[in-house]
Number of protein chains: 2
Amino acid sequence: MARKQSAADAPLRLDNQICFAVYSAAHAFNRVYKPLLDRLGLTYPQYLVMLVLWERDDVPVKDIGERLFLDSGTLTPLLKRLEAAHLVRRTRSSEDERLVLIALTPQGHALKEKARAVPQSILAASDCSVSELVTMKDEIVALRDRLNAVIGE
Amino acid sequence: MARKQSAADAPLRLDNQICFAVYSAAHAFNRVYKPLLDRLGLTYPQYLVMLVLWERDDVPVKDIGERLFLDSGTLTPLLKRLEAAHLVRRTRSSEDERLVLIALTPQGHALKEKARAVPQSILAASDCSVSELVTMKDEIVALRDRLNAVIGE
DNA sequence: GACAATTAGATTGCACGCAATTGAAATTGA
DNA sequence: TCAATTTCAATTGCGTGCAATCTAATTGTC
């Protein structure tokens with residue numbers, strides 16, 4: 001008896017936690033992205049916001065939040081920093097005064113071209129085939145969506 | 001031409017980013033853990049530190065950091081909060097005065113029993129078989145380790 | 001044994017995340 | 001119609017993460 005860990009402790013062992021695998025992988029991604037995004041003058045969450053806006057801009061803060069699963073407490077100051085960097089403009093909608101519409105500036109649009117180098121570097125860093133990554137991505141997204149479904153009871 | 005997105009934009013599309021899948025899954029986990037950990041009086045990163053200590057305590061801050069991929073800038077204040085909650089004690093090693101050893105208090109040890117309910121709830125929330133989760137975990141850990149390998153050049 | 005290099009942890013500053021609250025604007029419903 | 005409710009964004013407060021810097025302690029080299 002008295003092995004280094006009892007079998008009853010297995011569910012509490014760090015290396016058995018999928019949440020920690022995901023948590024630590026997210027940080028690893030962040031560290032790989034950092035030097036790439038420094039060249040664009042963006043943080044990782046700011047890069048995600050720019051990805052959303054490069055797909056479609058002139059959208060309310062709320063839409064960005066739903067896309068990224070972030071709320072105004074995170075987005076409002078982040079968007080103000082992007083505005084200070086002259087990448088976006090924030091304007092109240094005239095149709096619905098509650099909405100703040102986020103639009104790209106010319107510089108914001110232009111940054112997309114510089115950003116095209118980023119995914120390539122990440123693919124190389126992951127040292128993995130595209131199809132393997134797509135499969136993993138889909139599995140992780142499915143897990144995330146099941147977790148998010150639980151939160152809404 | 002002019003489909004809703006050009007094929008050249010695929011690498012920059014949010015839904016094609018594995019990093020965002022991981023990032024958003026980590027936040028989803030955090031939100032599912034929150035109510036469970038509130039009952040233990042822990043945040044999620046504090047829970048991770050406790051998992052490490054429940055495996056082995058009386059270890060230097062550095063060891064905890066290597067295990068969780070966190071540095072002293074994160075751990076020092078976090079450990080001080082755990083100390084303030086009477087879950088750990090921080091003492092300088094007499095053998096090497098540079099080391100601060102983290103030991104569990106009786107309350108810290110006792111909390112492990114209350115924590116056993118957590119992994120069960122998470123498993124239920126993930127709505128997934130254990131073997132599927134183990135496979136995913138191993139794949140994500142392998143990806144994380146490849147990413148971390150790139151960081152050290 | 002002196003001294004440069006290294007190591008461990010603490011500190012500072014900045015940027016998230018998120019809960020909770022606030023206030024303005026729009027929607028609803030009796 | 002107009003009071004109650006809902007929606008959206010902003011704000012506040014707290015706890016991470018992490019880069020950069022600092023101090024004290026230890027190690028390596030001569």
Side-chain angles (χ1 to χ4, degrees), chain A residues 20 23-35 37-38 41-50 59-85 88 90-102 148 151, chain B residues 19-20 23-35 37-38 40-50 59-85 88 90-102 148 151:
Chain A
F20 175 63
Y23 168 92
S24 55
H27 291 319
F29 266 119
N30 196 26
R31 286 190 283 268
V32 173
Y33 269 100
K34 179 106 187 16
L37 295 181
D38 279 349
L42 296 173
T43 65
Y44 180 69
Q46 289 169 7
Y47 174 69
L48 293 180
V49 169
M50 293 302 287
V59 294
V61 174
K62 176 142 200 295
D63 286 16
I64 300 173
E66 284 176 358
R67 201 77 198 285
L68 299 178
F69 307 99
L70 297 174
D71 70 2
S72 68
T74 301
L75 288 175
T76 295
L78 187 157
L79 289 167
K80 285 183 176 177
R81 278 176 217 114
L82 289 180
E83 187 180 38
V88 307
R90 294 158 4 96
T91 53
R92 287 274 164 192
S93 165
S94 52
E95 296 172 19
D96 186 337
E97 294 276 351
R98 294 171 302 180
L99 306 182
V100 170
L101 299 179
I102 308 298
N148 277 333
I151 294 166
Chain B
C19 61
F20 175 62
Y23 168 92
S24 55
H27 291 318
F29 266 119
N30 197 30
R31 286 190 283 267
V32 172
Y33 268 100
K34 180 109 190 11
L37 295 181
D38 280 348
L40 306 184
L42 295 174
T43 66
Y44 179 69
Q46 290 169 5
Y47 173 69
L48 292 181
V49 168
M50 294 302 286
V59 293
V61 174
K62 175 138 201 297
D63 286 16
I64 300 173
E66 285 176 357
R67 201 77 197 285
L68 300 178
F69 305 99
L70 296 173
D71 70 2
S72 69
T74 301
L75 288 175
T76 296
L78 187 158
L79 290 167
K80 285 184 177 177
R81 280 177 212 113
L82 289 180
E83 187 180 39
V88 306
R90 295 158 5 98
T91 53
R92 286 276 165 190
S93 164
S94 53
E95 295 173 18
D96 185 338
E97 294 275 350
R98 292 171 305 178
L99 305 183
V100 169
L101 299 179
I102 309 298
N148 277 333
I151 295 164

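Here is how names work: the chains are called A, B, and so on, in the same order as the sequence lines, proteins then strands, and each is numbered from 1.
Leu78(B) comes within 4.0 angstrom of the backbone, heavy atoms only, and of no base. Within the 4.0 angstrom heavy-atom criterion, only backbone atoms of the sugar-phosphate kind lie near Glu95(B); the bases stay farther away. Residue Thr43(A) is in sugar-phosphate contact alone, with no base atom involved, counting any heavy-atom pair closer than 4.0 Å across all strands shown. Within 4.0 Å (heavy atoms only), Arg81(A) reaches sugar-phosphate atoms of the nucleic acid but no base atom.
Between the CG atom of Asp96(A) and the P atom of dA9(D) there is a distance of 9 Å, given to the nearest Å. Between the CZ atom of Arg92(A) and the C1' atom of dA26(C) there is a distance of 13 Å, given to the nearest Å. Atom-to-atom, CD1 of Ile102(B) to P of dA8(C) comes out at 14 Å; the value is rounded to the nearest Å. Between the P atom of dA20(C) and the CG atom of Asp38(B) lies a distance of 9 Å, rounded to the nearest Å. Summarising the geometry, the separation between CG on Leu79(A) and P on dT11(D) is reported as 12 Å, rounded to the nearest angstrom. Look at CG on Asn30(A): it is 6 Å from P on dC18(D), rounded to the nearest Å. Put simply, NE2 on His27(B) is 8 Å from C1' on dC16(C), counting in whole angstrom units. To the nearest angstrom, P of dC18(C) lies 16 Å from OH of Tyr33(B).
A heavy-atom distance below 4.5 Å is not found between the side chains of Thr74(A) and Pro45(A). For the pair Val100(A) and Arg92(A), the minimum side-chain heavy-atom distance is below 4.5 Å. Contact of the Leu42(B) side chain with the Leu82(B) side chain is registered, since non-hydrogen atoms from C-beta on lie closer than 4.5 Å.
Close to dA15(C), at under 4.0 Å from its OP1 or OP2, lies no side-chain N or O of Gln46(A). Under 4.0 angstrom from either OP1 or OP2 of dA15(C) there lies no side-chain N or O belonging to Lys80(A). Here Arg90(B) reaches the OP1 or OP2 of dA10(C): one of its side-chain N or O atoms lies under 4.0 Å away.
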Given pairs defined as Watson-Crick or G-U wobble with both distances under 3.5 Å, what dot-bracket annotation applies to DNA chain C, with ( ) intrastrand, [ ] crossing, | other strand and . unpaired? ||||||||||||||||||||||||||||||
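Checked against dA15(C), dG17(C), dA9(D), the side chain of Thr76(A) finds its nearest nucleotide in dA9(D). Taking the side chain of Lys62(B) as heavy atoms from C-beta on, and the options dG9(C), dG17(C), dA10(D), the nearest nucleotide is dG9(C). Comparing dG17(D), dC18(C), dT7(D) by their closest approach to the side chain of Arg98(A) singles out dT7(D). Here the side chain of Leu99(B) is nearest to one of dA8(C), dG17(D), dA25(D), namely dA8(C). Nearest nucleotide to the Leu70(B) side chain, out of dA9(D), dC18(D), dC16(C): dC18(D).
The heavy-atom pair separating Ala26(A) from Ala26(B) by the smallest distance is CB-CB, 4.3 Å. For the pair Phe20(B) and Arg67(A), the tightest heavy-atom approach, listed with the atom from each and the gap, is CZ-O, 3.4 Å. Contact detail for Ile102(A) and Arg90(A): the closest heavy-atom pair is CD1-CG, 3.5 Å.
When the nearest nucleotides of DNA chain C are assigned to Ser72(A) and Tyr44(A) by heavy-atom distance, the more 5′-ward of the two goes with Tyr44(A). Annotation: of the two residues near DNA chain C, Asp71(A) and Pro60(B), the 5′-most nearest-nucleotide partner is Pro60(B).
Proximity of the aromatic rings of Phe29(A) and Tyr23(B) is defined here by a centroid distance below 6.0 angstrom, and this criterion is not met.
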One pair to check against side-chain contact (heavy atoms from CB on, under 4.5 Å): Val32(A) and Ile151(B). What are the steps and the verdict? CA-CA 6 Å; Val32(A) 173; Ile151(B) 295 164; 3.9 Å; yes
